[in-house]
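Residue numbers start at 1 and run along the sequence shown. We count ligands from 1, going down the list as the structure has it; atoms in each ligand are counted the same way.
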Amino acid sequence: MTEVAKTLCPYCGVGCGLEVLPPASPGKAVHRDSQGNPVWQARGDRAHPSSQGMVCVKGATLPEALDKDRLKYPMMRDSLDQPFKRVSWAAAFDRIVEQLQRVRQTQGPEAICMYGSGQLQSEDYYVAQKLLKGCLGTNNFDANSRLCMSSAVSGYIQSFGSDGPPCCYADLELTDCAFLIGTNTAECHPIIFNRFRKYHKKNKRKVKLVVVDPRRTETAKDADLHLAIRPGTDITLLNGIAHILLKQGQINALFIDECTTGFTEYAEVVSHYPPAQVAQVCGISVQDLETAAQYWAESERVLSLWSMGVNQSSEGTAKVRTIINLHLMTGNIGKPGAGPFSLTGQPNAMGGREAGGLAHILPGYRLVKDPWHRQQVEQVWQLPPGSISPEPGLAAWDMMLGLEYGQVGFFWIAATNPAVSMPDLERTKAALRKSPFTVYQDAYFPTETADFAHVLLPAAQWSEKPGVMTNSERMVTYCPAFRLPPGEAKADWEIFAEVGRRLGFESQFAFESSAQVYDEFVQLTQGRLCDMSGISHQRLADVGPIQWPCPVSETAETAVDKHDKRLYTNLWFATPDGRARFAAFHAQGLAEPPDADYPFVMTTGRLYGHWHTQSRTGRVEKITKMHPAPLLEMNPRDAQKLEIQSGEWVEVRSPRGSVKLRVQVTQNIKRGTLFMPMHWGFLWAEAAECNALTHAQSCPMSLQPELKACAVQVWPLSGEHPEANEVLTEAGATALRTLPKSSILSGATPTS
Ligand SMILES: Nc1nc2c(c(=O)[nH]1)N[C@H]1C(S)=C(S)[C@@H](COP(=O)(O)OP(=O)(O)OC[C@H]3O[C@@H](n4cnc5c(=O)[nH]c(N)nc54)[C@H](O)[C@@H]3O)O[C@H]1N2
Ligand SMILES: Nc1nc2c(c(=O)[nH]1)N[C@H]1C(S)=C(S)[C@@H](COP(=O)(O)OP(=O)(O)OC[C@H]3O[C@@H](n4cnc5c(=O)[nH]c(N)nc54)[C@H](O)[C@@H]3O)O[C@H]1N2
Ligand code: SF4
Ligand SMILES: [Mo]
């Protein structure tokens, strides 16, 4: 192919449009990477409405990683201490189907689990739901979105009656005040931040930026007001702001009366949050708290943005609902420039929610628990009534516990790397080791999780399979296939469909293309809030990205040039009475607060250049140079007390595990708080498995673990850390460690 392919960046949930060019185009020199290999080029697509031609370093360097260390053939072994052997697809499918049938007969369908990812395309997600929830009769499909978005999902459902971020990116350029809480937007959603930053710079006097984050991040550096609160004190802060607004009468009484319920209980709760006390608990000044309230009061349109600093919390749903409370109290919703906007992390976590990709939901924003919803889905799937279980399935961490207790007989992992990204990693790894049968479906090899698999299935990735993804603002973009998959790699949905057919569900999985899969899926969205019945692969390819809702009645023109890009503009919510719900939550604080033995709060998160467990970005030279090694951020006063200087090695210990890494002393972090990046799993030369330290205590409503905070102690290691130095000089700071013994391959190497 020599033409430019228009597609979507498959990294973050901003969902930037990309134009990808082949290495060789007529009249131009062949484009090569630093090692001289011909490589595709990516640039921003100016026609994409979400990103308007912008891209960040991850999108721009993506092609460099596409061909490196790919898993090309199915591989199998009988036990984890054996080497993998290359096998045919037929042999792999036989083994999977035989094992599925055996587990279903001996342990029942609830012993079968699939753990997926917001990096699957909507078609992959949809076919997996049909296989697990419909044909196998278990709702044990969960995704890494449980570690990511589930508090936002449950917050929206409880406050508005349905999931679905109500805002759009145009609001970034229409707001009077952007209230960013628990989000390092500049580094993690860079193009969203760029859009706002341009507008903010132009309108400095009129437009305010508030950032709530214990760290002075790149995002906070641009703020008019940075509230460096103590980790886990968000609800106190938000209730404190509400307290001041209420006292000053800065509320929208008409909106509260006509469009909401539950205000009285909420007002009672916030009466317990006087400014002096709130400031003390949060570790900020009363003046800053009052300024924050003043910005809310004076701004006609407030847009709040949040991500993991809010969601990854043992009170994640309560935090989300407490943010929404402020919007309801001030009538900041359903109009341009205002609203509670959850930023989605992964490129298609939104599509996953639409397709029913969590253990308690079904396609089309339906709930497993609702008999009418189950019936509607069963009908479209042409399955007998009662095929879908009324019980929500196991959430991500419960799957780990299921493995630990021996209740899971078949574990299927796709497009995620839990041996790095799950909390309480030693326990996670022990659970994975106990799994009687694990299938791992990934695009790359090695990854840490491959070490725990019995069967490896090579997945075609972005650019090698056509499919659809939805970004944070509900914009749906078609991602065409414009490169061939390596070796025998197959699209995820094709793998699921083949297993379905081999289990005897011929007609349910008779799809001939992903376009057909998408057509069936959007039928199930008809009449729902996330109505996409007017969208198809062909239409997206013809007219470009389309934002939902897009019912079948919408014409191509109105679909692209929407007059109404927001949800709830008629102020009628998706609850039975159309009213939004206030929530009355007191702050609970951290699940594991610091104490005398473990005096620091460690928080974890991301760096600008790297993507999660580095399966791609760790293979891009520009990025590994940008972030050569993991560093622990520490406040100068804490460093002084421990007599540690920047660059020195420490051991960080929590009640669950320990990690050795170097320290970066910086004013950018609050005293008593530490920050460790999440990107370095055990395959990397300077491994720093931050999840060896984290715990799995979760929000009781969203079941999302508190990955953002655990209590730790820090031990200076005298001199340099010898073991790490050795690896460093041998292999370079970012090189892969040699493979663990159990991964040593026999026969064909999977990457050859
Ligand atoms: N560069 C890059 N970008 C990414 C990703 C990536 O891997 N790399 N991943 C994508 C994904 S899947 C996701 S989910 C998003 C995540 O995007 P973000 O949520 O923006 O990223 P994080 O670094 O996980 O955490 C955000 C901030 O929360 C703060 N925080 C910690 N504890 C608290 C607290 O108690 N209260 C408040 N208010 N803040 C707190 C941290 O200091 C941190 O700066 O990024 C997406 N974009
Ligand atoms: N301590 C701590 N832990 C965290 C977080 C944190 O902030 N702190 N954040 C959590 C969050 S929000 C997230 S989203 C997770 C992310 O954690 P993971 O999902 O474990 O991380 P990734 O590295 O993105 O893994 C994605 C995998 O999918 C593969 N892949 C890419 N495309 C395809 C495809 O099309 N098909 C298939 N089959 N495979 C593909 C890639 O090769 C890669 O191995 O981490 C969570 N864990
Ligand atoms: S902001 Fe996100 S979607 Fe856009 S180019 Fe960067 S990683 Fe890709
Ligand atoms: Mo995420």
Side-chain angles (χ1 to χ4, degrees), residues 8-16 18 42 44 50-51 54-60 62 71 116-121 124 144-145 147-149 181-185 187-192 194 211-215 217 219-220 227 229-234 237 306-313 319 343-347 349 414-423 441-444 447 449 457-462 464-465 467 471 491-492 495 590 601 603-617 669 673 675-679 681 690-691 693-694 705 707-709:
L8 184 83
C9 173
Y11 282 121
C12 86
V14 177
C16 296
L18 289 186
S50 299
S51 51
M54 294 179 270
V55 279
C56 78
V57 68
K58 294 181 288 302
L62 162 70
L71 178 61
S117 154
Q119 291 163 76
L120 293 169
Q121 293 176 331
D124 303 322
N144 57 4
S145 301
L147 314 178
C148 180
M149 302 315 309
I181 176 163
T183 167
N184 182 5
T185 325
E187 296 194 72
C188 297
H189 294 94
I191 302 311
I192 287 185
N194 280 2
V211 174
V212 184
D213 194 309
R215 299 160 58 220
T217 56
T219 316
L227 299 171
I229 60 167
R230 285 199 183 92
T233 59
D234 301 76
L237 174 80
W306 78 88
S307 43
M308 293 311 116
V310 167
N311 290 341
Q312 287 172 343
S313 159
K319 281 190 185 178
L343 296 180
T344 327
Q346 298 176 89
T416 176
N417 194 0
V420 183
S421 54
M422 277 277 176
Q441 188 167 310
D442 203 280
Y444 287 83
T447 71
T449 302
L457 299 180
Q461 63 169 331
W462 171 90
E464 298 157 1
K465 57 177 182 182
N471 75 8
D492 295 273
I495 300 172
L590 298 176
V601 178
T603 188
T604 66
R606 294 159 171 79
L607 305 175
Y608 169 60
H610 272 308
W611 179 259
H612 297 159
T613 72
Q614 298 197 47
S615 48
R616 288 187 187 125
T617 53
I669 191 153
T673 305
F675 173 80
M676 198 184 290
M678 65 172 289
H679 306 295
C690 73
N691 282 322
L693 305 169
T694 56
L707 287 162
K708 275 290 170 275

- Task: Return the set of protein N, O or S atoms whose distance to atom 2 (Fe) of ligand 3 is under 2.8 Å, each given as residue and atom.
- Result: Cys12 SG
- Say whether Gln461, considering both its backbone and side-chain N or O atoms, lies within less than 3.5 Å of an N or O atom on ligand 2. no
- Tell me, which residues have any heavy atom less than 4.0 Å from some atom of ligand 1? Cys12, Lys58, Cys148, Ile181, Gly182, Thr183, Asn184, Glu187, Cys188, His189, Val212, Asp213, Pro214, Arg215, Thr217, Pro231, Gly232, Asp234, Ser307, Met308, Gly309, Lys319, Gly345, Gln346, Thr603, Gly605, Arg606, Leu607, Tyr608, His610, Trp611, His612, His679, Lys708
- Query: Would Met676 and Leu693 count as a side chain to side chain contact (heavy atoms under 4.5 Å, CB included) if you check the C-alpha gap in whole Å, the side-chain angles of each, and the deciding distance to 0.1 Å?
  - Reply: CA-CA 10 Å; Met676 198 184 290; Leu693 305 169; 3.7 Å; yes
- Rounded to the nearest 0.5 Å, the CE atom of Met678 sits from the OG1 atom of Thr613 at a distance of 7.5 Å
- Query: Are the side chain of Tyr11 and the backbone N or O of Leu62 linked by a donor-acceptor pair below 3.5 Å?
  - Reply: no
- Message: Using a 4.0 Å cutoff against the non-hydrogen atoms of Ala459, which atoms of ligand 2 qualify?
- Response: 36 (N), 37 (C), 38 (N)
- Message: Closer than 4.0 Å to some heavy atom of Cys690 - which atoms of ligand 2 meet that?
- Response: 1 (N)
- Would you mind telling me which of Val212, Thr233, Asp213 makes a side chain to side chain contact (heavy atoms under 4.5 Å, CB included) with Leu227? Val212
- Heavy-atom donor-acceptor pair, Ser51 side chain to Cys16 backbone, under 3.5 Å: no
- Message: Taking only non-hydrogen atoms of Met676, do any sit less than 4.0 angstrom from ligand 2?
- Response: no
- Is there a donor-acceptor pair closer than 3.5 Å between any side-chain N or O of Asp124 and the backbone N or O of Gln121? yes
- Could an N or O of ligand 2 be found under 3.5 Å from any N or O of Trp462, whether backbone or side chain? no
- Note on the structure: Counting heavy atoms under 4.0 Å, the part of Ala415 that contacts ligand 2 is both
- Thr219 side chain vs Thr185 backbone, donor-acceptor pair below 3.5 Å: yes
- Straight-line distance of Ser145 OG to Leu120 CG, nearest 0.5 Å: 9.0 Å
- Pair Met149-Thr344, side chain to side chain contact (heavy atoms under 4.5 Å, CB included): steps then yes or no: CA-CA 7 Å; Met149 302 315 309; Thr344 327; 4.0 Å; yes
- Query: Would Asp492 and Gln441 count as a side chain to side chain contact (heavy atoms under 4.5 Å, CB included) if you check the C-alpha gap in whole Å, the side-chain angles of each, and the deciding distance to 0.1 Å?
  - Reply: CA-CA 8 Å; Asp492 295 273; Gln441 188 167 310; 2.7 Å; yes
- Judged by non-hydrogen atoms, does Pro423 sit under 4.0 Å from ligand 2? no
- Message: As an exercise, identify every atom of ligand 2 less than 4.0 angstrom from a heavy atom of Ser615.
- Response: 41 (C), 42 (O), 43 (C), 44 (O)
- Query: Can Arg616 be said to touch ligand 2, with heavy atoms closer than 4.0 Å?
  - Reply: yes
- Task: Carefully, step by step, assess Trp462 and Cys9 under the rule side chain to side chain contact (heavy atoms under 4.5 Å, CB included).
- Result: CA-CA 9 Å; Trp462 171 90; Cys9 173; over 6 Å; no
- Donor-acceptor contact present, side-chain Thr603 to main-chain Lys708, <3.5 Å: yes
- Item | Residues Thr447 and Thr449: side-chain donor-acceptor under 3.5 angstrom | no
- Location of contacts on Gln121 toward ligand 2, heavy atoms closer than 4.0 Å: neither
- Backbone N or O of Pro10 within a donor-acceptor pair of the Lys58 side chain at under 3.5 Å? no
- Note on the structure: Any heavy atom of Asp492 under 4.0 Å from ligand 2? The part involved is side chain
- Message: Taking 4.0 angstrom as the limit and counting only heavy atoms of Ala443, give me the atoms of ligand 2 inside it, by number and element.
- Response: 39 (N)
- Message: Nearest 0.5 Å, please: how far is OG1 in Thr416 from CD in Gln119?
- Response: 7.5 Å
